[in-house]
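In what follows, a structure is listed as structure tokens, so that the remarks can point back to it.
We count ligands from 1, going down the list as the structure has it; atoms in each ligand are counted the same way. Computed from a predicted model, the values in this text were never measured in an experiment.
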Amino acid sequence: MCGIVAYIGPKQAYPILIKGLHRLEYRGYDSAGIALLNGDLNLYKCKGKVSDLEDHVKDLNLHGTIGIAHTRWATHGEPNDENAHPHFSQSRKLAIIHNGIIENYASLKKELINRGYQFSSNTDTEVLIHLIEDIQVNEKVNLVEALQIALNQVIGAYAIVIISKDDPDTLIVAKKGSPLVIGIGEGEYFVASDATPIVEYTKKVVYLGEEEIAIIRRNCDLKIKTILNKDKTPYIQKLEMQLSALEKEGFEHFMLKEIYEQPRSINDSMRGRLNIEKGIISLGGIIDYEQKIVNANRIIIVACGTSWHAGLVGEYVFEDLARIPVEVEYASEFRYRHPVIYENDVVIAISQSGETADTLAAIQLAKSKGATIIGICNVVGSSIARATDAGSYTHAGPEIGVASTKAFTAQVTLLTLMALMIAHKKGSISKSRYHQILNELAAIPEKVAIALKVNDQVKIIAEKFKDARNFLYLGRGYNFPVALEGALKLKEISYIHAEGYPAAEMKHGPIALIDEEMPVVVIATNKGTYEKVISNIQEVKARKGKIIAIVTEGDVSVKELADYVIEIPETEELLVPLIATIPLQLLSYHIAVLRGCNVDQPRNLAKSVTVE
Ligand code: AGP
């Protein structure tokens with residue numbers, strides 16, 4: 001999820017663009033760049049934050065009343081100067097900024113290289129601008145026509161702005177699958193990923209539609225066409241939100257925004273990796289290590305916190321499908337307990353930030369024993385990502401809320417893809433089972449969107465339990481890690497003590513805690529040991545515990561027992577964690593808000609624990 005900004009008008013573009021990038025830094029911040037047109041097309045970019053870019057250009061005399069700028073959240077290619085946007089075309093007459101993922105960039109790049117094109121970066125974006133110029137030159141068409149032809153060849157998502165040295169009075173904009181808004185000022189236009197860089201200059205905006213191109217001419221009107229060259233009338237709206245609200249896209253907190261992003265972020269974690277028609281899973285980042293994982297005698301998963309909970313789901317899914325023994329270790333324990341590590345062990349390190357000190361140390365230890373290290377990170381080029389032998393990025397986009405939500409579901413998605421791919425390779429599951437799970441996995445984003453509809457119901461339940469002093473979360477099988485994760489979410493943002501337990505463990509102690517003051521959240525979906533979970537619910541009820549049950553839609557048995565029932569869409573048992581976690585995220589969020597807690601920055605916590 002990158003940030004793009006562009007300007008054309010009577011003012012100097014640089015101050016507007018750099019301020020716009022600062023407004024968008026919450027969208028991505030591993031490298032930044034700017035291109036200005038003033039007779040020449042000049043481009044400045046570097047690794048680091050927007051402030052690093054400002055330092056990079058501070059002694060330069062930057063002129064130009066048309067320009068484009070970008071703050072990157074890497075998806076393809078490490079964060080470095082070369083991979084930063086904007087990118088030049090081969091002739092250096094065109095420059096482009098892009099937010100999104102071009103899924104078929106590798107095949108397009110191969111063709112362009114065969115036609116003699118050279119690349120200075122390994123980004124998908126540079127492929128796009130070379131393709132556009134190649135079409136413009138060889139098919140002798142104008143820039144807009146070349147862009148239309150190119151975008152009809154591209155698979156993926158894009159929000160792009162292009163400027164051309166040969167036409168200093170025009171911005172060319174296009175959008176599909178990534179957000180993009182155009183601001184209409186007095187004789188000036190602004191383009192950005194969202195309205196935060198625009199709102200201080202104008203409240204008149206046009207939200208470009210899917211597969212639409214905007215041609216913005218200086219001192220002229222704004223024209224919109226589709227990539228199939230159909231004219232569209234711009235629909236001008238008036239911005240109502242204030243700046244602070246805009247960064248959260250209207251949500252009160254980043255955490256709630258990120259909870260609601262999960263249909264998109266889960267989809268993005270599968271984008272370009274799951275081909276349903278061909279029944280293929282492709283994880284490019286571990287392609288050279290697939291056989292190593294297939295042959296592994298053991299997988300060790302190391303992680304902390306929520307990532308450890310994702311790892312626990314990973315244990316269940318890898319053993320269930322790929323029949324490879326898995327153990328999940330708290331990285332902080334693993335690094336010091338003198339563990340036995342073999343050379344043919346495969347260690348999977350899971351980390352949203354990619355900077356967790358304990359996880360990094362666990363990796364170093366495993367590496368020193370000769371194990372193979374696979375990473376599952378959200379931050380491209382992070383320390384953990386760079387310390388591993390191979391890995392896959394979750395592509396969940398920046399997670400600002402300290403309480404991890406979309407990163408968790410993206411991690412679980414990736415672990416499931418990995419386990420499914422290995423199981424298929426090993427032949428440890430039938431072809432029909434493989435395709436059945438694959439098809440259900442593809443339907444998860446839509447089912448998560450449906451699960452989010454319980455928000456209002458959950459808010460009412462939160463109101464009833466916001467003053468509870470303790471919570472118990474119970475689940476069995478694939479829902480046990482969900483119970484742990486739900487308890488962690490609640491305690492870290494509402495400061496209510498909460499514990500997650502395997503439901504059957506009740507009898508071994510926790511049942512002594514049950515009384516009418518104890519809310520018990522039970523994930524009781526109708527798979528696996530469902531009947532046994534119902535018995536556990538009856539044990540709680542017999543001791544007057546208040547039961548909040550997460551059930552499969554249409555459930556009737558639990559409804560007769562529980563005090564509150566939250567229904568979620570049915571899915572494969574091993575995919576339930578991706579959906580069952582949604583109401584628990586919402587429950588912790590609403591309770592924390594009702595308790596007046598700082599939801600995005602809870603006390604004593606940091607987004608990334610880079611110290612022991
Ligand atoms: C989860 O909500 C917490 N923020 C915390 O437990 C977090 O998951 C843990 O610190 C691990 O962080 P990482 O995924 O960035 O390594």
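Among all non-hydrogen protein atoms, the one lying nearest atom 4 (N) of ligand 1 is V402 O, 2.8 Å. For atom 6 (O) of ligand 1, the closest heavy atom belonging to the protein is G305 CA, 3.2 Å. The single protein non-hydrogen atom nearest to atom 11 (C) of ligand 1 is C304 O, 3.5 Å, given as residue, atom name and distance. In this structure, atom 10 (O) of ligand 1 lies nearest to the protein heavy atom V609 CG2, 4.0 Å.
Polar contact with ligand 1: absent for Q411 (N/O pair, distance under 3.5 Å).
Ligand 1 places these atoms under 4.0 Å from at least one heavy atom of A403: 2 (O). Ligand-side atoms of ligand 1 in range of T306: 1 (C), 2 (O), 6 (O), 8 (O), range being under 4.0 angstrom from any heavy atom. Heavy-atom contacts of T356 reach the following atoms of ligand 1: 12 (O), 13 (P), 15 (O), 16 (O) (cutoff under 4.0 Å). Against a heavy-atom cut-off of under 4.0 Å, S307 is close to the following atoms of ligand 1: 8 (O), 13 (P), 14 (O). Heavy-atom proximity to S351, at under 4.0 Å, picks out these atoms of ligand 1: 13 (P), 14 (O), 15 (O), 16 (O). Residue S404 has at least one heavy-atom neighbour below 4.0 Å for each of these atoms of ligand 1: 1 (C), 2 (O).
You'll find the ring centres of F251 and Y589 outside the 6.0 Å limit.
The side chain of E492, and not its backbone, has at least one atom closer than 4.0 Å to an atom of ligand 1 (non-hydrogen atoms only; side chain from C-beta on).
In this structure a side-chain-to-backbone donor-acceptor pair under 3.5 Å is missing from Y495 to R595.
Between K47 and E78, no side-chain nitrogen of the basic residue sits less than 4.0 Å from a carboxylate oxygen of the acidic one, so the salt-bridge criterion is not met. A salt bridge links K489 with E485; the closest basic N to acidic carboxylate O contact falls under 4.0 Å. In summary, K527 and E572 do not engage in a salt bridge, as defined by a charged side-chain N under 4.0 Å from a carboxylate O.
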Legend entry - Test log, rule side-chain contact (heavy atoms from CB on, under 4.5 Å), inputs V313 and L415: CA-CA 8 Å; V313 178; L415 285 160; 5.7 Å; no
Inset, instruction - Tell me, with the steps shown, if H85 and C2 meet side-chain contact (heavy atoms from CB on, under 4.5 Å). - result: CA-CA 10 Å; H85 299 212; C2 305; 5.6 Å; no
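In this structure, T359 has no heavy atom closer than 4.0 Å to ligand 1. At least one heavy atom of K489 sits less than 4.0 Å from an atom of ligand 1.
For the side chain to side chain contact (heavy atoms under 4.5 Å, CB included) criterion with I496, the lone passing option out of L490, D467, N470 is L490. Test N122, T123, D124 against Y105 for side chain to side chain contact (heavy atoms under 4.5 Å, CB included) and you get one pass: D124.
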